[in-house]
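Worksheet: the structure to be examined is printed underneath.
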Amino acid sequence: MRTETPGQPTADETPPAEETPPADHTPPAAGTSAAGETSVASLTMAGALNRALHDALAEDDRVVVYGEDVGALGGVFRVTDGLESEFGPTRVWDAPLAEAGIVGTAVGMAMNGLRPVVEMQFDAFAYPAFEQVVSHVAKMRNRTQGRVGLPLVIRIPCAGAIGGVEHHSDSSEAYWAATPGLTVVMPSNPADAYSMLRESIECDDPVIFMEPKSRYWAKADLSLPVRTAPMRRAAVVREGADVTLLAYGPTVRTALEAADAGRAEGLSIEVLDLRSLSPFDDETVATSVRKTSRAAVIHEAAQFGGYGAEVAARVTERNFHWLAAPVLRVTGFDLPYPPPMLEEHFLPTADRVLAALATWEWDEAGEWDER
């Protein structure tokens, strides 16, 4: 059993050392079930994911949840806390430490009518399963000419800022997003975490569900069950007029911090939460970029060959005549993830975002003084 991060809080509590997160965007309005039933709770993102798994297990006997330490322990981050005791070891169970085997068995289960939700525990631990994902999970629908789908969700805790070592802090989204046949999503807040995981489990095709670890303890008051915007759509979380910041997962908070700091300097920043990395919501992004005429994308992964390169290319190709300046990237550096004591220097920050925006030549219509 892997126990690299012992003593993690349960899914619905905030660790004592966790600082109060900055004011995030207000999540889209809560929805209700078909029966009109709602329950209000203050939940962390980990708690919202736990409730999503619980509700999916309760409503659909085809749903099974398994992975490394997800049973009695409740997962390293306690996302599966209490599920095995309620639903039993035939619905929720611990898998061997063999990621290729976890995904391979999930393929067989999904082909035969189940809806498996598997956990990779940490981002870099998913690499042993890479061949299964790209050769089988992503290709099954195409290989069978549409006759066989794989209703399979692969949960991957990802990214840094939790003091983890290099094999626990990767941002691997570019690998998965570059693989045709996969839907790749990443929520940034508890409401989206619940809604997007429920939608992913209901999807008849495979979903890579990436969970930013640094946001597991971000709290929000939710009316459950909540359904936010469809998971394949981006969301405007802060409106602005001068520049669009494109972010996802952990960097949505960074973008909001930059927007707050920019406002004090006279800069109006619009923040978009991409939510879906593949497919990409060109429509919502284009509407924002054509309004502001400037864009920058933020992510924790290294810049060279990173996801931001695809975003910058798409934004430029589709909105060239509306752009007043090149699309910028504010990212991690081109090196392996550093030790915990150095990660604050590696991760993109609001200051780095504003410094990047100041490199543009601002004309009179979009004048902004760098301070």
Side-chain angles (χ1 to χ4, degrees), residues 20-29 186-189 191-192 212 215 218 220 228-229 233-277 280-300 303 307-332 347-371:
T20 302
D24 283 353
H25 69 278
T26 302
M186 191 185 305
S188 68
N189 61 80
D192 274 348
R215 303 301 291 151
T228 61
R233 299 306 298 263
V236 177
V237 297
R238 178 76 62 83
E239 294 202 357
D242 296 330
V243 58
T244 298
L245 293 184
L246 304 168
Y248 55 90
T251 59
V252 172
R253 176 171 58 175
T254 307
L256 289 166
E257 291 172 347
D260 289 337
R263 181 188 296 130
E265 300 182 5
L267 185 64
S268 177
I269 295 178
E270 181 148 301
V271 177
L272 257 68
D273 183 349
L274 294 178
R275 301 172 80 244
S276 175
L277 307 187
F280 189 82
D281 184 1
D282 290 297
E283 180 182 357
T284 301
V285 171
T287 298
S288 176
V289 170
R290 293 180 184 189
K291 178 178 73 172
T292 65
S293 78
R294 298 172 188 265
V297 58
I298 314 169
H299 60 66
E300 290 190 8
Q303 184 178 97
Y307 183 73
E310 174 64 23
V311 174
R314 295 182 75 91
V315 171
T316 301
E317 290 169 355
R318 290 161 173 78
N319 307 284
F320 181 79
H321 296 291
W322 285 267
L323 288 172
V327 179
L328 299 177
R329 292 173 289 166
V330 184
T331 70
L347 297 170
T349 63
D351 287 343
R352 282 180 58 195
V353 172
L354 293 181
L357 303 188
T359 64
W360 281 325
E361 293 184 5
W362 293 79
D363 58 22
E364 293 183 1
E367 184 177 353
W368 174 51
D369 293 332
E370 179 191 1
R371 293 178 175 85

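Computed from heavy atoms alone, side chains included, the values below leave out hydrogens, waters and symmetry copies.
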>> Walk me through whether D192 and D273 qualify under side chain to side chain contact (heavy atoms under 4.5 Å, CB included).
In response: CA-CA 11 Å; D192 274 348; D273 183 349; 4.2 Å; yes

Measure the spacing between [atom1] of [X] and [atom2] of [Y] and express it to the nearest 0.5 Å.
X: I298; Y: L347; atom1: CD1; atom2: CG; result: 12.0 Å
X: R215; Y: T251; atom1: CZ; atom2: OG1; result: 10.5 Å
X: L245; Y: R294; atom1: CG; atom2: CZ; result: 12.5 Å
X: L277; Y: E310; atom1: CG; atom2: CD; result: 11.0 Å
X: R352; Y: L354; atom1: CZ; atom2: CG; result: 12.0 Å
X: S188; Y: R253; atom1: OG; atom2: CZ; result: 10.5 Å

For a quick test of reading the model, state the closest non-hydrogen atom pair linking [X] to [Y] and the distance between them.
X: E283; Y: R233; value: OE1-NH2, 3.5 Å
X: S293; Y: W322; value: CB-O, 3.2 Å
X: M186; Y: G249; value: SD-CA, 3.5 Å
X: S288; Y: E270; value: OG-OE2, 2.7 Å
X: A255; Y: A247; value: CB-CB, 4.0 Å

>> Using only atom types and a distance under 3.5 Å, with no angle test, would you say the side chain of T359 pairs donor to acceptor with the backbone of A356?
In response: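 It does hold such a pair.
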
> Can you check side chain to side chain contact (heavy atoms under 4.5 Å, CB included) on I269 and L357, steps first, answer last?
Replying inline: CA-CA 10 Å; I269 295 178; L357 303 188; 4.1 Å; yes

>> Over 60° means perpendicular and under 30° means parallel, so tell me whether Y248 and Y307 are parallel, tilted or perpendicular.
In response: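 Aromatic pair Y248/Y307 classed perpendicular.
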
I want to check something: taking the side chain as every heavy atom from C-beta on, are [X] and [Y] in contact at a cut-off of under 4.5 Å?
X: R275; Y: T228; result: yes
X: P348; Y: E300; result: yes
X: D242; Y: T292; result: no
X: V315; Y: V297; result: no
X: V285; Y: V311; result: no

> When you look at R238 and D260, which way does the salt bridge (Lys or Arg N to Asp or Glu O under 4.0 Å) test go after all the steps?
Replying inline: CA-CA 10 Å; R238 178 76 62 83; D260 289 337; 2.9 Å; yes

